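Each remark here refers to the structure printed beneath this line.
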Amino acid sequence: MSNSSSSISQFLLLAFADTRELQLLHFCLFLGIYLAALLGNGLIIITIACDHRLHTPMYFFLLNLSVIDLGCISTTVPKSMTNSLWDTRAISYTGCVAQLFFFRILISTEFCLLTVMAYDRYVAICHPLHYGTLLGSRACVHMAAAAWDSGFLCAVLHTANTFSLRLCHGNALDLFFCEIPQILKLSCSDAYLREIGLIVVNCFAFGCFMYILVSYVQIFRAVLRIPSQQGWHKAFSTCLPHLAVVSLFLSTGVFAHLKPPSISSLFLDLVVALLYSVVPPAMNPLIYSMRNQELKDAMRKLIAGCF
């Protein structure tokens with residue numbers, strides 16, 4: 001850490017409101033979203049773990065995604081809720097480093113896992129006869145482990161680089177959690193360019209995006225050749241939820257990190273951050289279960305068995 005960075009003992013996060021009533025409203029809204037994410041993702045995890053019919057590659061990766069979403073929203077939202085409840089903006093320097101590190105692990109792992117899930121759908125639809133061979137239990141575990149390892153490596157790289165920068169513009173962040181673009185605004189211009197260069201030249205992330213894009217082009221070409229309407233429905237019911245999650249996650253995440261400073265504003269940064277850090281963990285369970293009859297039936301059976 002540089003001397004400039006280590007001299008800062010805490011950061012100040014964005015306050016959603018100044019009045020006590022609005023602070024409590026923010027607390028209640030975030031609490032509702034957080035509980036919805038816990039309930040939805042927790043239900044998916046328990047359902048997949050308990051129902052042997054869902055012990056397939058697609059649901060194994062979905063279980064991993066739900067674990068990531070739970071971790072992701074638990075890394076950012078509770079601290080913001082606590083700050084609103086106790087009328088403070090502070091987060092310690094160590095707490096900010098830890099929050100950024102764990103958030104980066106989860107976000108990067110989710111990006112890799114969405115790529116793996118695209119591969120799963122590609123093999124299932126375009127090469128169904130080889131599905132059991134290419135996506136055996138050992139291969140699935142190896143791919144999931146590779147996604148987590150890649151997320152950890154990216155988190156170490158970005159966290160170490162971000163907090164080694166010289167900070168020249170105070171300690172107030174224009175966001176409700178510690179995130180790279182907001183910390184970069186506090187840094188000197190040359191350091192800012194250095195970190196932006198690191199993000200832009202991340203060829204691995206670009207390769208993942210291109211693979212997802214090519215996979216879905218091949219998937220839709222294969223689906224259009226399916227003669228039966230029932231086959232169309234089954235293929236789209238498993239692919240469209242994944243495509244919706246990928247589109248929301250990638251578009252907002254990439255925009256947040258690579259948008260020009262000239263179009264940056266407090267409101268825009270806040271909306272974009274909510275769309276890639278808070279909305280996906282809360283909405284993913286609904287998106288994945290809405291068109292998946294097999295998962296919905298398993299959830300109903302699990303809930304019915306509890307009462």
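Quick caveat, the model's predicted, so the values are computed rather than measured. Just so you know, residue 1 is the first one in the sequence shown, and it goes up from there.
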Query - Heavy-atom side-chain contact between Ser80 and Leu13 under 4.5 Å - result: no
Query raised in the report: Would you say the SG of Cys208 sits less than 2.5 Å from the SG of Cys112?
Result: no
Requested in this report: Scan Phe30, Phe11, Phe103 and name whichever one has a ring-ring contact (aromatic ring centres under 6.0 Å, His included) with Phe177.
Outcome: Phe103
**Report entry** Heavy-atom pair with the smallest gap, counting every atom of Cys126 and Gln218
**Finding:** SG-O, 3.6 Å
Report task. Could you check if a side-chain atom of Leu62 sits within less than 4.5 angstrom of a side-chain atom of Leu295, using non-hydrogen atoms only? Result -> yes
**Report entry** Nearest-0.5 Å distance, CD1 of residue Ile46 to CG of residue Leu302
**Finding:** 7.0 Å
Report summary line: Going by chain and number, the hydrophobic cluster around Leu29 (ILVMFWY, side chain to side chain under 4.5 Å) further includes Leu22, Leu25
Report summary line: Residues pairing under salt bridge (Lys or Arg N to Asp or Glu O under 4.0 Å) where one sits in residues 47-60, two or more places apart or in two chains, turn out to be Asp51-Arg53
Report task. For atom OH of Tyr211, decide whether the heavy atoms of other residues, nucleotides or ligands shown that lie under 6.0 angstrom number more than 12. Result -> yes
Query raised in the report: Which of these, Leu65, Ile45, Ile44, sits in a side-chain contact (heavy atoms from CB on, under 4.5 Å) with Pro285?
Result: Ile44
Query raised in the report: Which atom names give the shortest non-hydrogen contact between Ile183 and Leu100, and what distance separates them?
Result: CD1-CD2, 4.1 Å
Query - Heavy-atom closest pair, residues Thr76 and Gln99 - result: CA-NE2, 3.9 Å
Below 3.5 Å, can you tabulate the donor-acceptor pairs from side chains in residues 130-146 to any protein atom, sequence neighbours excluded?
{"residue": "Tyr131", "atom": "OH", "partner": "Asp120", "partner atom": "OD1", "Å": "2.4"}

